[in-house]
Q: 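One structure follows; several queries about it will come next.
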Amino acid sequence: MPAVTSEFEAHADVDIVAVVGSQLLVIVRSGRRWHSSAPAILRTAFGLSTAEIDVALALARGETRDEIAAARRTSVQTVRAQLKSIFAKLSVTREIELVTMFGETLRL
């Protein structure tokens, strides 16, 4: 896994959310919202695309697949395909695992 410390070393609010296999997911937060560097950390640590990050964060906030598709002006099938890719990259198999991974600490 690539080192991502440069993305958050200047920030005080660092939470370790999950250890997935040999990978460590570190999320930086500011208050109750994602810190602005969280997408960069997800991109660097797991290779998520911008679209996958948007979908993953929306799901973690409690949005449904239909709501995500409508907000992104895409089809539900596209959201499903993006989720399948996210699951593979994060080594999870269900939405609840993803939501738990992000949501417990972030309190979105």
Q: Heavy-atom distance under 4.5 Å between the side chains of Glu52 and Phe46, does that happen here?
A: no

Q: For Glu67, give me all partners under salt bridge (Lys or Arg N to Asp or Glu O under 4.0 Å), at least two apart in sequence or on another chain.
A: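 Scan of Glu67 (salt bridge (Lys or Arg N to Asp or Glu O under 4.0 Å), adjacent residues dropped) gives none.
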
Q: Got a sec, which residues hit side-chain contact (heavy atoms from CB on, under 4.5 Å) with Glu97, two or more places apart in sequence or on another chain?
A: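 Testing Glu97 for side-chain contact (heavy atoms from CB on, under 4.5 Å), a comparison that skips the adjacent residues, returns Val92, Thr93, Arg94.
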
Q: Please round to the nearest 0.5 Å and tell me the distance separating atom OG of Ser49 and atom CD1 of Ile86.
A: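 If I round to the nearest 0.5 Å, the distance is 7.0 Å.
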
Q: Can you list everything that forms a side-chain contact (heavy atoms from CB on, under 4.5 Å) with Arg73? Sequence neighbours excluded, please.
A: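 Here no residue qualifies.
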
Q: Taking side-chain contact (heavy atoms from CB on, under 4.5 Å) as the definition, give me every residue that meets it alongside Ala70, ordered by chain and number, with sequence neighbours left out.
A: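 Not a single residue meets the side-chain contact (heavy atoms from CB on, under 4.5 Å) criterion with Ala70.
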
Q: With sequence neighbours left out, write down each residue that passes salt bridge (Lys or Arg N to Asp or Glu O under 4.0 Å) with Arg43, or none if nothing qualifies.
A: none

Q: Sort and list the pairs that fulfil salt bridge (Lys or Arg N to Asp or Glu O under 4.0 Å) and have at least one residue in residues 76-86, not counting sequence neighbours.
A: none

Q: Who pairs with Arg72 by side-chain contact (heavy atoms from CB on, under 4.5 Å), at least two apart in sequence or on another chain?
A: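 Arg72: side-chain contact (heavy atoms from CB on, under 4.5 Å) contacts with Ala51, Asp54, Val55, Ile68, Thr74, Gln82.
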
Q: Any chance you could measure Leu59, atom CG, to Glu95, atom CD, to the nearest 0.5 Å?
A: 4.5 Å

